[in-house]
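Here is the structure we will look at.
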Amino acid sequence: MGVYENLIKIEEMRRRLGEGDYETALKILNTMSLKKIKKTSDLSIMAEVYEKNGRYEEAIELLQRIYQKSKTRKIVFQLTMLSIKMFHIEDAEYYAREYQLLAPNDFYNEIFRYKIDKLKGEPYEKLIATLEALKNKEYIEKWAYELAKLYYKAGMEKECIEECSNIILWFGEGSYVEKAKMLKAYYSGETNKEKMIEELKRRAQLTKQEKETSENPEKLEESK
């Protein structure tokens, strides 16, 4: 396969990624010889194709090839995320330290720390401290609700209610706001635990279906 043909295929993969057509991008990738690809930018696109299709091991292999040549913030970020997804705790710890050196003030340092410690089964107190540190850097709806849940699991009722109130006040609407309202209502006695769990499961299923539909538009057509 010539250099020009590879170039055409790489550009087509890039386009497919932009359109969210990950399956077609993978089909294109499967027709190529990875050993002949040298440019880090091309390897990065290929790694993204593998990642989007859940082929994490292959994505990591390509990213490690890039890492040997260029330890950029983006590559280290991707390696940290994928190591966490693959439950490779030692690798995740290594890349997380590398990322902190490259971006010491980035709030993702706290997110990585939380994810890794959660995999390690660290106690609630440690997980809470990390998310509180994240909150002081950046108040993010998803992680604010995660903090509220940790307060609930740790039996910290006052802190849980306060965090739920903050989420409702700051963000106003959205799936996490609705979840925060339900958790707060449970503590105030407005709903029971079983009802809350069933509703959260229903919302989680709806979110999953919406995500699958957005990633695979053809599913929407099939359901009509």
What are the two closest non-hydrogen atoms of [X] and [Y], and how far apart are they?
X      : Y      : result
Ala59  : Ala47  : CB-O, 3.5 Å
Lys137 : Pro104 : NZ-O, 3.9 Å
Met32  : Ile37  : CE-CD1, 4.0 Å
Leu183 : Cys160 : CD2-SG, 3.6 Å
Leu82  : Tyr56  : CD2-CD2, 3.4 Å
Ile66  : Ser44  : CD1-N, 3.5 Å

With a 3.5 Å distance limit and no angle check, can you tell me whether [X] reaches the backbone of [Y] through a side-chain donor-acceptor pair?
X      : Y      : value
Ser165 : Ile161 : yes
Asp106 : Asn109 : no
Thr80  : Val76  : yes
Lys69  : Lys38  : yes

Any side-chain heavy-atom pair of [X] and [Y] under 4.5 Å:
X      : Y      : answer
Glu57  : His88  : yes
Glu93  : Lys120 : yes
Glu19  : Thr24  : no
Glu110 : Leu131 : no
Leu26  : Met13  : no
Ile116 : Leu119 : no
Glu162 : Tyr151 : no
Ser70  : Ile75  : no

Nearest-0.5 Å distance, [atom1] of residue [X] to [atom2] of residue [Y]:
X      : Y      : atom1 : atom2 : result
Ile167 : Tyr145 : CD1   : OH    : 8.0 Å
Leu29  : Met46  : CG    : CE    : 5.5 Å
Phe107 : Leu134 : CZ    : CG    : 7.5 Å

Are a donor atom and an acceptor atom from the side chains of [X] and [Y] found within less than 3.5 Å of each other?
X      : Y      : answer
Glu98  : Tyr67  : yes
Tyr22  : Arg16  : no
Tyr139 : Asn166 : no
Tyr95  : Gln78  : no

Is it true that atom [atom1] of [X] has more than 12 heavy atoms of other residues, nucleotides or ligands lying nearer than 6.0 Å?
X      : atom1 : value
Lys135 : NZ    : yes
Gln68  : CD    : yes
Lys74  : NZ    : no

Taking the six-membered ring for Trp, are the ring centroids of Tyr99 and Tyr108 within less than 6.0 Å of each other? no
Are any of the side-chain nitrogens in Glu12 or Arg15 under 4.0 Å away from the carboxylate oxygens of its partner?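 Here Glu12 pairs with Arg15 in a salt bridge, since their nearest N and O are under 4.0 Å apart.
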Check the hydrophobic clustering (I, L, V, M, F, W, Y; side-chain heavy atoms under 4.5 Å; chains of links allowed) and say if Leu169 and Ile140 are grouped together. no
Are Leu63 and Phe87 linked, directly or through intermediate hydrophobic residues, by side-chain heavy-atom contacts shorter than 4.5 Å (ILVMFWY only)?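 Shared cluster, yes.
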